[in-house]
Novice: 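Structure below; questions to follow.
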Amino acid sequence: MDEKYFAKKVEQKWQKIWADSGAFHTEIDDTRPKFYALEMLPYPSGNLHMGHVRNYSAGDALAWYKRLRGFNVLHPIGWDSFGQPAEDAAVKRGVNPRDWTEENIVAMRGQLQRLGVSYDWRRQMYAHRPEYYKFDQWFFLKMYEMGLAYKKQTQVNWCSHDQATLSNEQASGGICWRCGNPVTKKDLEQWFLKTTAYTDQLLDDMAEIEAGWPQSVLKRQSDWMGRSEGAFVDFEVKASGDTLFYCPIVDGITSASDLGKNRVRVFTTRIDTIYGVNAIVLAAEHPVIQANIDNFSAEVASKIAFIRSENTKPQDHEAEIEKDGIDTGLKAVNPFSGEEIPVWVGNYVMMAYGTGAVMSVPAHDERDFEFAKKFGLHIRQVISEPHMVHEHNTMQALALEQAMPMDGILVHSDYWNGKTSDQAKVEMTAWAVKHHFGEAATTYRLRDWGISRQRFWGSPIPIVYCDVCGVVPEKFENLPVELPETAPFTGTGESPLAKVPEFYKTTCPKCDGPAMRETDTMDTFVDSSWYFFRYTDPTNEVLPFDPAMAAYWAPVDQYIGGDDHAVMHLIYARFWSKVMRDMGLVTFDEPIKRLLTQGMVVGETFFDDSSGKRVYHQPADVTVTRDAKGKMAGAVSKDGKALKYGIERMSKSKSNGVDPDEMVEIYGADGARIFVMFAAPIENELVWHEAGIEGGVRFLQRVWRLVYKWRAALSVPLSAQNEVLDTIAECTGPARKLRQKTHQTIHRVGDSFESLQFNTPVAALMELSNAIGDIGIEPDAATEADVFAVREAITALTLMLTPFAPHTAEELYSILVGDENGMLANGARFPEFNAELAKADEIEFPVQINGKLRSRIVTSPETSDEELKKLAFADTKVREFTEGKEIVKVIIVPKRLVNIVVR
RNA sequence: GCGGACGUGGCGGAACUGGUAGACGCGCAGGUCUCAGAAGCCUGUGGCCGCGAGGCCGUGAUGGUUCGAUUCCAUUCGUCCGCACCA
């Protein structure tokens, strides 16, 4: 190699050596500890973006670090290759989704390889290949057997733009997660996976991963699942006369055997406020309402119909929806007080949560308050602040200005008066149970996972419909149910598979009679829920993976990806693992021990000041002017137009995107990678500055020159003194100082990796490199001790550089040790830390007077307190400030500082 | 509205359990090399005052605890993110 650093040459050389030698191939090895480093798999769009580069650079750094620490590292990659863009391409451009996908994978794999990411490429998984999706289907059938997969007719979230159904997660906020258009509702027969059967575990097992996951992600997950503890209470319902109405049992909520058919069940977290109930409010879709719709007056019926239709409209989250509702004329009886109260339908009650029925307590709930105000309903306060209890019980309460949703002391509640909310919640629930009109209850926001998609490019759901046998699961031995070569792609709502008779015409697995296949395919989140287990055993044809393989590699030790997957993917993946545990495939509860969420990479954008259009990006098209301090004063385009500056998410349409290939071409993979790691903490947003990357390259060049400068001197074998040199006693002056810095750096870099910091270790390496450069000794004038210290420093620097700039490090390492096979073949290890050597002989003790820094004394860190005090008072500066003052006390912090308090 | 996170030079960011604020890099300024430029190298770079030694101020703002606060507490302002009537 040359004395000058040519990134491209070095990178091509080592990429070839790595590939030829299978340097990153991994197999089970019981003699070494394992480490499973995982990054979120990409969707094969055809182009890597800088967010990917950041993600994979971090994962690769960790993988390399662990390898150098002696771990057997599994570091795989695969392709989330089912999904809508491939089908869009088919609709728009008539290409075959399979061809489109495969081509994109080839392109992106090339990009990753040019970045030199150390994957075991043999273990790639491809969601769209039958060898993989066969096991999506296998899992589906298993879950069907376990009663975890079921079909039901429901209102689904429907995106009319994408012509697709969406899970609740994907329709979060009433907006399609993919295209951003409003979501509507549509009735469809759908397959569901029973995620709700695991909600409690998903919530409770968070304790196991708490230490390794970002708090924000766990918080979002628990909010998403939305467990709330409270009670069901049954209210008897009748007409204003005495006719009992027919009340069908509401789906899934009737466990009390004596729940009468003339009762309606509400869910409340505030049973203690039940004496303040002024009405029962039902969702418009509530079965009681729907079953009796013909009994209502025309006015009531049309209002209900109106509310119902409003509910299906896309919601505008900026504007608060005004409360609306109508008195149905039905009456309900408060089981505690015997009071007769009206039954209303309200637009603010959702059928999807709880029982679709609430007891309205306007005094203590803001929504109920608003509702009562609007319709002039009675408001009664039944919870009081402790000091107000007497007033409340002796005189009528004043009109409330607002709801008071706090806990307190019960008033106007007969027998329960004087109890605290906490007491009352427990005792009143017990009372309700005793008298058979209620029970303690927990409800969740999380619904079951609807996985049916009316799409071609996904795993077919392995179900057959037979006129004779009904719904029949496909036989395991018939898997995979393969997608046909192609289908008519129209972009309309029906699955393209429904237009391919060769696909859907089949025979019944049970009776061999003619039958139809299910033509929906699975949500692609199914693929990503278990893909990381497939890496442990990627070619298994019988099982998704061999449990023994997973037992060695799983769980994932470190997962890295964007926090946009905090709720969907990461809840599904956790759910899937728990199911696999119950199937006996794995033995643990949680599949991912540690999670790191990386921040977005954003771009600088320059706007045309006159038109406001964003058209330019750094550096090619823009000249930036700065003031004397370096602050940006203005920006001008090539054709002389003034530009405004802004920061936006990178994208092609904003022309502020950065192409990873281009960066690698100009600066080299290592330069790009080290910059991405260094520029900001991994969890922060990263603003891409073209100038910054040059700093990364400059650093690599400095290290390169350093090695070449010392190369000849270091190649001289050391004398028999070698071992003696490796002690502190034999090492003084600059050599001693350098060794100290080397070992301090080893410690810092190791620590940083353990706490998943990637920016600070790069800074530490820069410092070490600066320290080597600043040693002030020329190679030809160096003593043996100097050479020893420099050799140690440069070798350590090179090894520690590997996770960030593996190609460069490999090349420099090969120069240093004279071996061309690479570090791993050579058994290279992360440099060993020596605490003795890292210790300083002398340190600077700041001396403060009243907490203000006044002087410094340089002495051994072991100096006794007495001696330190003496030294401090001997200091002229200190004298100046203590002269004629009373010394109140002297505080000495061991190995830190001296603070003299004077008056 | 509810919930969470965060405010440090011109910029990205350092700072161990309260102990020398601004590491490291970018940018900027000056110098060196060169016919010239690029690259490299050297020096400086929080603000104010001072020739200098040095002094004063300084981690969004205000107060508090402490010998000592970027770090802990309270109030407040601001930014970012999540949720969407969850009974």
Side-chain angles (χ1 to χ4, degrees), chain A residues 4 172-174 214-217 219-220 223-224 226-228 230 266-270 273 281 283 315-318 320-323 346-350 352-361 364-368 370-371 405 443-445 563 566-567 624 626-633 674-675 678-681 683-696 698-699 701-702 705 748 751 757 759-767 769-770 773 843-856 877 888-902:
Chain A
K4 193 160 163 24
S172 176
Q215 223 199 317
S216 60
V217 171
K219 172 102 174 52
R220 279 174 66 184
D223 284 354
W224 191 262
R227 174 159 65 189
S228 53
V266 305
F267 175 71
T268 179
T269 56
R270 295 299 305 269
T273 64
V281 187
Q315 291 168 11
D316 175 6
H317 290 291
E318 299 307 310
E320 187 133 322
I321 300 159
E322 195 172 340
K323 297 276 179 295
N347 67 341
Y348 71 104
V349 180
M350 302 178 298
Y353 184 77
T355 61
V358 303
M359 56 181 224
S360 164
V361 185
H364 305 291
D365 181 282
E366 284 173 27
R367 294 153 299 173
D368 296 340
E370 200 187 319
F371 195 68
T443 62
Y444 305 90
R445 188 177 173 277
D563 73 349
V567 283
V624 173
R626 292 174 189 277
D627 66 15
K629 277 184 178 172
K631 189 178 184 178
M632 189 185 299
I674 205 165
F675 169 65
F678 173 65
E683 59 278 356
N684 284 20
E685 190 172 82
L686 167 59
V687 182
W688 184 265
H689 285 281
E690 197 81 21
I693 191 171
E694 290 170 22
R698 274 205 282 271
F699 169 58
Q701 284 169 341
R702 275 203 303 276
R705 281 198 302 271
R748 274 176 70 187
D751 263 7
Q757 284 180 289
N759 55 332
T760 48
V762 176
L765 294 178
M766 287 172 170
E767 281 185 52
S769 141
N770 291 346
I843 59 169
E844 220 177 44
F845 282 87
V847 183
Q848 301 181 331
I849 314 282
N850 289 348
K852 278 193 186 234
L853 178 68
R854 291 303 178 194
S855 185
R856 302 162 210 268
K877 202 83 209 155
V888 180
K889 60 174 158 177
V890 179
I891 293 153
I892 293 173
V893 184
K895 297 182 188 178
R896 281 258 184 237
L897 57 55
V898 181
N899 187 14
I900 302 168
V901 185
V902 299

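Numbers restart at 1 for each chain; the letters A, B, ... are given by sequence-line order, proteins then strands. Since we're looking at a predicted model, the values are computed, not measured. When reading the values below, keep in mind they use all heavy atoms of this one structure, side chains included, and skip hydrogens, waters and symmetry mates.
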Novice: Of the candidate nucleotides B:A14, B:G13, B:C41, which contains the atom at the shortest distance from the side chain of A:Asn684?
Specialist: B:G13

Novice: Under 4.0 angstrom, heavy atoms only, what part of the nucleic acid is A:Ser216 near: base, sugar-phosphate, or nothing?
Specialist: nothing

Novice: Would you mind reading off the distance between A:Glu685 atom CD and B:C11 atom C1', rounded to a whole angstrom?
Specialist: 14 Å

Novice: Under 4.0 Å between a side-chain N or O of A:Ser228 and OP1 or OP2 of B:A87?
Specialist: yes

Novice: Where the side chain of A:Phe267 is concerned, which of B:A87, B:C26, B:G82 is the nearest nucleotide?
Specialist: B:A87

Novice: What are the atom names and distances for every N/O pair under 3.5 Å that joins the protein to nucleotides 64-67 of chain B?
Specialist:
| residue | atom | partner | partner atom | Å |
| --- | --- | --- | --- | --- |
| B:C67 | O2 | A:Asn899 | ND2 | 2.3 |

Novice: Among the nucleotides B:C24, B:A14, B:C86, which one has an atom lying closest to any side-chain atom of A:Tyr353?
Specialist: B:C86

Novice: Starting at atom CG of A:Leu686, determine the distance to atom P of B:C26, rounded to an integer number of angstrom.
Specialist: 16 Å

Novice: Pick base, sugar-phosphate or nothing for A:Val266, based on heavy-atom distances below 4.0 Å to the nucleic acid.
Specialist: nothing

Novice: What is the distance, rounded to the nearest whole Å, between atom CD1 of A:Ile693 and atom P of B:G25?
Specialist: 17 Å

Novice: Select one nucleotide: of B:C86, B:G55, B:A87, the one nearest the side-chain heavy atoms of A:Lys877.
Specialist: B:G55

Novice: Would you kindly give the CD-to-C1' distance between A:Glu694 and B:A38, to the nearest whole Å?
Specialist: 12 Å

Novice: Taking the minimum atom-to-atom distance to the side chain of A:Asn347, which one of B:C85, B:A23, B:G40 wins?
Specialist: B:C85

Novice: Of A:Arg856 and A:Asp368, whose closest RNA chain B nucleotide lies nearer the 5' terminus?
Specialist: A:Arg856

Novice: Identify, between A:Glu844 and A:Met359, the residue whose nearest nucleotide on RNA chain B lies closer to the 5' end.
Specialist: A:Glu844

Novice: Kindly point out which of B:C26, B:A87, B:U20 is positioned nearest to the side chain of A:Val358?
Specialist: B:A87

Novice: In this structure, how many angstroms lie between the P atom of B:G18 and the CD1 atom of A:Ile892, rounded?
Specialist: 20 Å

Novice: With a non-hydrogen cut-off below 4.0 angstrom, is A:Gly226 in contact with a base, only sugar-phosphate, or nothing?
Specialist: nothing

Novice: Looking at A:Arg702, I'd like to know whether one of its side-chain N or O atoms comes within less than 4.0 Å of OP1 or OP2 on B:G25.
Specialist: yes

Novice: Which part of the nucleic acid does A:Asn770 contact within heavy-atom distance under 4.0 Å: base, sugar-phosphate only, or nothing?
Specialist: sugar-phosphate

Novice: Hey, what's the ring geometry for A:Tyr348 with A:Phe371, parallel, tilted or perpendicular (30° and 60° as the breaks)?
Specialist: tilted

Novice: From the set B:U20, B:G13, B:A23, return the single nucleotide nearest to any side-chain atom of A:Ala763.
Specialist: B:A23

Novice: Just compare B:C41, B:G3, B:C85 and give me whichever is closest to any side-chain atom of A:Lys323.
Specialist: B:C85

Novice: If you look at every heavy atom in A:Gly696 and A:Ile674, which pair is closest and at what distance?
Specialist: CA-CG2, 3.8 Å

Novice: Does B:G12 have OP1 or OP2 under 4.0 Å away from a side-chain N or O of A:Asn759?
Specialist: no

Novice: State which of B:C26, B:A15, B:G19 makes the closest approach to the side chain of A:Gln757.
Specialist: B:A15

Novice: What nucleic acid atoms does A:Asp563 come within less than 4.0 Å of, heavy atoms only: base, sugar-phosphate, or nothing?
Specialist: nothing

Novice: Nearest to the A:Arg854 side chain among B:G40, B:G55, B:A23, which nucleotide is it?
Specialist: B:G55

Novice: Could you tell me the separation between the CZ atom of A:Phe675 and the P atom of B:G12, rounded to a whole number of Å?
Specialist: 12 Å

Novice: Between B:C24 and A:Arg748, is there an OP1 or OP2 to side-chain N/O distance shorter than 4.0 Å?
Specialist: no

Novice: Among all residues two or more places apart in sequence or in another chain, which pass the side chain to side chain donor-acceptor pair (under 3.5 Å) test with A:Asn899?
Specialist: none

Novice: What's the CG-P distance between A:Asp223 and B:A5, to the nearest Å?
Specialist: 12 Å

Novice: Rounded to the nearest angstrom, tell me the gap between atom CH2 in A:Trp224 and atom C1' in B:A84.
Specialist: 10 Å

Novice: With sugar-phosphate meaning primed atoms plus P, OP1 and OP2, does A:Arg220 contact a base, only sugar-phosphate, or nothing at under 4.0 Å between heavy atoms?
Specialist: sugar-phosphate

